[in-house]
Structures are given as structure tokens and as C-alpha cells.
Amino acid sequence: MACYLSFSVTSLNVGCTTNSQDPSVFHKLQTSKSTKQFNSLITKTSSLQHTQQPLYAKIISLCSSIIPSKDMSYIHSIFTQIHDPHIDICNTLMRCVLSSKCKENALLVILMYVEMMCKGLDLDKYTYPLVLKACVQLRELRQGRLVHAHVIKNGFVLDLYVVNNLMRLYGVCGCVGSVRKVFDRSPVRDLVSRTILIQGYVDNGYWKEGVDLFFEMTEGGLRADERMMVVVISACAKLRDLRLGQKLHKYVQSHKLNFDVFLGNALVDMYLKCGEPDVALIVFREMPTRNVISWNTLISGLAQRREFKQAISAFNEMQDQGVKPDENTLVGVLNCCSNLGALGIGKWVHTFIDRNGIQVAGFVGNALVDMYAKCGSMDDALRVFGRMRTKDVYSYTSVIVGLATHGKARKALNLFYEMLEIGIQPNEVTFVGVLTACSHGGLVEEGHKLFADMWRVHKLKPRIEHYGCMVDLLSRAGLIDEAMEFVEHMPMEPDASIWGSILAACRIQGKVELAEHVTEILVNIESEKDGTYILMSNTYASVGKWSDALEVRKAMKRQKIKKVPGCSSIELDSVVYEFRRCDKAHPRSKDIYAMVEQLTLHLTGTEALSNGSDYFIV
DNA sequence: GTAGGGTTAG
């Protein structure tokens with residue numbers, strides 16, 4: 001075999017001494033911009049014996065720094081051309097390829113590993129962690145198991161780095177049992193192994209088990225470090241267990257652990273998820289350093305608590321402090337906009353996305369589509385959706401739900417069928433949209449068929465909300481008897497929203513007796529809820545039974561049930577204003593009410609019902 | 001030259 005690629009010793013010296021054949025080669029290597037140019041330089045250099053190969057490795061690590069391209073195939077091509085490479089060179093090349101953190105390159109590392117085996121090379125303790133890391137990046141369990149077999153065969157089970165990487169691989173591949181097995185059978189373990197073991201449980205949803213393990217270990221005398229605490233606290237956040245969280249926080253304090261940004265972020269997230277936003281904010285303010293993730297944690301955490309306005313002000317503060325938002329920030333903010341109907345802020349975010357060259361794809365694209373749909377700008381939603389190069393079930397679901405709520409039933413359903421044709425599997429939420437479309441479009445037949453398809457075709461078990469959609473569909477179509485029959489045949493206990501649909505239909509059709517029956521059920525389910533009484537009262541009113549309507553109102557008063565004030569919001573110059581019934585908080589509320597009076601007068605010729613008795617208005 | 005935090009849709 002000819003053509004073994006390598007550098008001449010002289011060309012290596014080129015950079016440092018004048019004793020060279022071609023003084024420009026080394027300089028060219030350092031300044032080389034393109035892979036092609038670089039490759040041609042390499043192939044021009046002459047042969048090198050493997051005794052000089054450590055020097056060659058140095059060159060290779062230099063290569064990784066001078067070539068910004070993610071295309072590592074040239075490194076692989078160098079690798080394949082070396083006849084008898086030293087293991088250090090292989091490891092260096094592997095590390096270099098792996099550093100780019102993209103899937104294609106991780107695959108390249110595995111390929112290199114296989115080729116090393118074919119060449120009959122003796123792998124060392126540094127090779128296995130690298131290959132296993134590549135498997136982790138790819139979630140490549142099958143290949144990982146083969147590597148595990150080689151690890152055992154070649155006697156590397158005593159190496160901590162190898163063992164820990166093996167455990168990590170099984171963890172990310174969802175094999176908690178294997179993580180445990182490797183741990184239990186390994187004669188070498190350290191704090192890292194223990195952290196990976198706990199993380200294996202936590203990452204796969206066994207939060208309680210992970211936390212229990214932590215206490216078992218610490219009660220046995222183990223001293224946890226910051227990294228282990230981050231894993232355990234994140235498990236606690238998922239468990240929504242405040243008491244436990246406080247206990248862990250105390251552990252951090254009493255053991256004088258370093259309150260770093262990771263630990264801070266984990267604590268902020270935990271307090272937000274456990275329902276203590278005030279404590280979360282205190283911890284957040286106390287953090288010595290914050291990064292973009294700290295802000296994301298705060299913003300998305302507040303959003304999850306439905307504190308959307310507070311989340312937006314956190315976002316504003318973040319910008320005041322000059323922290324650059326990343327894609328996750330924007331997704332969180334867009335989510336707030338969707339819920340507040342804050343179209344202006346949403347549009348601002350869209351502009352920000354465009355100006356910063358952020359791809360409208362994936363999470364960001366989906367959040368943007370959803371924002372426009374929820375803020376009532378369906379045309380914009382469709383425009384963004386149309387421009388997205390790759391659409392997934394979330395993108396489709398957002399527009400389908402959006403169209404359905406905007407009353408564009410046919411268009412929603414057409415998109416649904418288009419989605420199926422492309423081969424995207426719908427999920428439960430997609431069907432909420434599809435059934436809502438049928439309900440709003442009065443498409444009883446199609447609704448029945450699609451409901452049946454859920455399980456028959458897509459193997460999705462209808463949840464209570466789907467039954468709710470069907471009851472709503474039938475009720476709105478005036479088929480109350482069918483709706484009742486549907487409710488009676490439900491496999492689960494109908495909830496308040498389902499009875500609510502029926503009750504609403506009763507009001508429209510003036511079915512007093514059924515309404516009374518349903519109200520009784522509803523009061524038993526949620527006696528404190530105002531909506532039930534109001535619907536019943538309105539049902540009486542709709543058939544002219546005014547005294548009965550009044551009776552219901554009196555009953556409400558007796559039981560101290562107050563109508564929860566409805567809330568609407570409007571956004572002006574990026575500020576969201578909220579209004580409730582009888583709300584006088586706005587500095588110009590006097591003007592606002594005057595305008596309402598005027599408008600009402602204009603529209604109906606009667607005076608607006610300014611205070612109190614709007615129980616009869618749904 | 002091993003381990004860690006946050007993420008969209010009804």
C-alpha cells in the first residue's frame with residue numbers, strides 16, 4: 001500500500017526553525033481557511049514514520065483549532081490513510097472530531113473506532129470513554145453494548161472513566177436497570193458514579209427513587225457536592241415537593257456548598273415549581289452570578305404559574321441588564337404573549353428573531369405560530385407556518401387548534417388531512433383541535449368519524465377532553481338527547497366541563513327540567529363554582545321563569561358564592577392592561593367607563609348596566 | 001482526558 005499520509009519531519013520543523021524545505025507550508029496550515037485547501041496541503045506533504053507520530057498528533061490538535069468548519073470528514077480521511085497509527089493519535093483525532101458536538105461527527109467517531117478494531121490496534125483507557133461519549137450523543141444503545149463487551153473483554157472494567165461513561169450511556173438510553181447493574185458490579189466507584197446513578201433514575205422519571213438514593217447515600221456518610229445536589233434538586237422540582245426542596249436547600253447551606261450558577265438555577269426552578277415564587281425570586285436576587293439560563297428559568301417558571309405579566313417584566317429586566325436572550329427565552333416570552341393576547345410584544349419578538357438571524361424552526365417556529373394563532377392573527381400564523389421548512393406535529397396542531405377556534409373548521413380539517421398525508425402522526429392535542437373544529441363547524445358526522453379514528457386508526461385513547469369535545473359538538477348541534485346518551489356511555493366519570501356543555505345547551509334550548517337535573521350534579525361536583533348557578537339562573541330566565549332565576553341568585557348569596565370577575569386584557573405599547581368587572585384601578589377608569597356608556601348607548605339606545613346585577617348576562 | 005441547570009401546542 002502506497003500513499004501513507006503524513007508530514008515530513010522537516011515540514012514539522014518549518015514553523016519553528018528556518019531549517020526547512022518549504023517554510024510557507026506551516027504558515028499556510030495555520031492560516032488555512034477551507035477544508036479543501038487544507039486537505040491539499042496535507043496530501044502534498046511526504047511520508048512520516050510512526051516514530052515521529054507524537055509530533056504528528058500535535059499538528060492534528062492544531063488542525064482542530066485552525067479549521068472552524070464542522071466538517072470533520074477530512075480528519076477521518078487522514079485517519080484512514082495512516083498505516084499504523086499510534087493510539088495517541090487516534091485518541092487525539094477522535095477527541096477533535098467529537099468536540100464539534102454534531103451527530104454526523106459522533107457517527108464518524110464510532111466509524112473510527114470500528115476501523116481501529118479492524119486494524120487490530122490496542123485501544124487504551126482513553127479510547128473507550130471517547131467512543132462511549134459518541135454513543136451517548138447518538139443515543140446508540142446497540143453499538144454501546146458492543147463497546148461494553150469489548151471493555152469487559154479487554155479488561156477496562158476497573159477504569160473509573162470507562163465505567164462512568166458506560167453508566168451514563170445506559171442512563172441516556174433509558175436502561176436504568178443496566179446503570180444500576182454496572183454500578184453494583186463495579187469494584188471502582190466515586191462520587192461521579194453515584195451522581196450518574198442518581199441521574200439515571202431522575203432522567204428516566206424515577207424521581208422519588210433518585211431522591212431516596214441520595215438520602216441513603218448521605219445518611220451512610222457520603223458528602224454530596226454541588227453537581228450531585230443539582231441533580232437531586234431538579235428531581236425534587238419535578239416531584240413538586242416543597243418540604244423536600246427546603247431540606248435540600250438546607251443541606252446546601254449547612255454543608256457550605258459553593259452557591260454557583262448551576263445550583264442557583266436549580267434552586268430557583270425548584271422553588272417556582274413547588275409553588276414558592278417569592279422564595280424563588282429571593283434566591284434569584286441573591287445569586288452571585290446569573291446567566292441566560294437563570295433568566296429563562298425565571299421567565300418560564302413564572303409562565304408555568306400563569307404569572308405571564310410578571311414573566312414579561314422579568315424579560316424586560318433581563319434586557320435592561322444587557323443579557324442577550326436565546327431561543328429558549330423567546331419561546332418562553334412567546335408563550336406568555338399567547339396567554340395574554342399580547343400581539344404587540346409577540347410581533348416585537350418576531351422582529352428580534354429576524355434581526356438576529358434566528359431560524360424560524362422547531363420550538364421557536366412553533367411558539368411563533370401559536371402566538372399569532374392565540375393572539376387572533378391567524379393570517380400571520382399561517383404565513384409563519386407556511387414558511388417553516390420542517391413542520392412537526394406541534395406546528396400542525398397549533399394552526400389546527402387556531403383555525404378551529406377561529407371558526408375555520410374546513411380549513412382546520414384540510415390541514416389535518418394534509419398532515420396525515422405527509423406522514424405526521426397526530427397526538428391527543430391535535431384531536432382536541434380537530435374535534436373543536438367539528439364542534440364549531442357543526443360537522444356532526446365527521447366529528448363522529450374522527451373520534452372513532454382516534455383509537456381505530458391512530459391508537460390514541462380518547463381522554464376526557466375529547467369526550468368533552470364530542471358532548472360539546474352534539475350539544476351545540478342541538479342534539480341534547482344524543483349528548484346525554486354519549487355521557488352515559490363514557491368510560492370515565494364525566495367532569496364539570498362536560499356537564500357544563502350540556503347545561504349551556506339546555507339554556508339555549510330552554511330545557512328547564514334537564515337543566516335542573518344537571519345543575520344538581522354540577523353543584524355536587526363543584527359547589528363553590530359560580531358558573532353553574534349563573535347558567536341555571538339564565539336557563540330559567542330564558543324561558544321567562546324570572547322568580548326561579550331570582551331564587552338561584554338568592555341561593556348563591558346565601559352560600560356566599562360570588563361571580564368570579566371575568567378578566568380581559570389589552571396590550572398597548574408593549575404594556576398589558578388587565579380589566580375586571582367594576583374595576584376602577586386604571587388611572588383613567590373614569591374616562592373608560594364614560595366611553596363604555598357612550599358606546600352602549602350608541603349600540604342599543606339603552607344605558608349601560610354599570611354596576612352589580614349583570615348575572616343575567618353570560 | 002469522566003458527571004450538572006431551563007424548553008413549545010388545548
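Lettering of chains follows the sequences in order, A, B, ..., and the numbering in each one begins at 1. All values derive from a computational prediction rather than experimental measurement.
Here the side chain of A/Asp190 is nearest to one of B/dT2, B/dG4, B/dA9, namely B/dT2. Residue A/Val192 has its side chain nearest to B/dA3 when only B/dA9, B/dG4, B/dA3 are considered. For A/Ser398, taking side-chain heavy atoms from C-beta onward, the closest of the listed nucleotides B/dA9, B/dG4, B/dG6 is B/dA9. Which of B/dA3, B/dA9, B/dG6 sits closest to the side chain of A/Thr397 comes down to B/dA9. With B/dT2, B/dT7, B/dG4 as the candidates, the nucleotide lying closest to the side chain of A/Lys273 is B/dT7.
Considering only side-chain N and O atoms, A/Gln304 lies under 4.0 angstrom from the phosphate OP1 or OP2 of B/dT7. Between A/Asn335 and B/dA9 there is a side-chain N or O to OP1 or OP2 distance below 4.0 Å. At B/dG4, one or more side-chain N or O atoms of A/Arg168 fall inside 4.0 Å of OP1 or OP2 (strictly under the cut-off). For the pair A/Lys391 and B/dT8, the criterion of a side-chain N or O lying under 4.0 Å from OP1 or OP2 is not met.
Remark: C1' of B/dG4 and OH of A/Tyr201 are 19 Å apart, rounded to the nearest angstrom. Rounded to an integer number of Å, the gap from A/Glu226 CD to B/dA3 P is 16 Å. Between the CG atom of A/Leu267 and the C1' atom of B/dG4 there is a distance of 13 Å, given to the nearest Å. As rounded to whole Å, 13 Å separates atom C1' of B/dG4 from atom CG of A/Asn258. Taking atom CG of residue A/Asp269 and atom P of nucleotide B/dG4, one finds them 16 Å apart after rounding to whole Å. With rounding to whole Å, A/Glu327 atom CD is found 10 Å from B/dT7 atom C1'. We find that CD1 of A/Ile233 is positioned 20 Å from P of B/dA3, with the value rounded to whole Å. Between the C1' atom of B/dA9 and the CZ atom of A/Phe385 lies a distance of 13 Å, rounded to the nearest Å.
Within 4.0 Å (heavy atoms only), A/Asp203 reaches no atom of the nucleic acid at all. Counting any heavy atom pair closer than 4.0 Å across all strands shown, A/Asn366 reaches a base atom. Within 4.0 Å (heavy atoms only), A/Glu428 reaches no atom of the nucleic acid at all. Base engagement by A/Asn328 is indicated by at least one non-hydrogen atom pair under 4.0 Å involving a base atom.
In this structure, A/Lys125 fails the cation-pi test against A/Tyr161, since its NZ or CZ atom is not both closer than 6.0 Å to the six-membered ring centre and inside 45 degrees of the ring normal. Under a cutoff of 6.0 Å and an axis angle of 45°, A/Lys247 and A/Phe215 form a cation-pi pair. For the pair A/Arg227 and A/Phe262, the cation does not sit on the ring face, since its NZ or CZ is not both under 6.0 Å from the ring centre and inside 45° of the axis.
A/Asn91 places no side-chain N or O within donor-acceptor distance of the main-chain N or O of A/Met94, the cut-off being under 3.5 Å. Using modelled atom types, one side-chain atom of A/Asn204 and one backbone atom of A/Gly200 make a donor-acceptor pair closer than 3.5 Å.
Within residues 282-295 of chain A, the residues that place at least one heavy atom under 4.0 Å from DNA chain B are, in residue-number order, A/Asn291, A/Ile293.
Evaluation of the side-chain hydrogen bond (donor to acceptor under 3.5 Å, both in side chains) rule for A/Arg463 yields A/Glu465 as partners, not counting sequence neighbours.
With hydrogens and angles left out, the side chain of A/Asp260 and the base of B/dG4 share a donor-acceptor pair within 3.5 Å. A/Asn165 contributes no side-chain N or O that forms a donor-acceptor pair with the base of B/dA3 under 3.5 Å.
In this structure, A/Asp495 CG and A/Ser501 OG are separated by 9.0 Å, a value rounded to the nearest 0.5 Å.
Centre separation under 5.5 Å together with a plane angle under 30° holds for the ring of A/Phe363 and the six-membered base ring of B/dT8, marking them as stacked. Stacking here means ring centres nearer than 5.5 Å and ring planes tilted less than 30 degrees, and by that measure A/Phe262 stacks onto B/dG4.
Counting heavy atoms of neighbouring residues, nucleotides and ligands inside a 6.0 Å radius, atom CZ of A/Phe352 exceeds 12 of them.
Using a 4.0 Å cut-off between charged nitrogen and carboxylate oxygen, A/Glu446 and A/Arg410 count as a salt-bridge pair.
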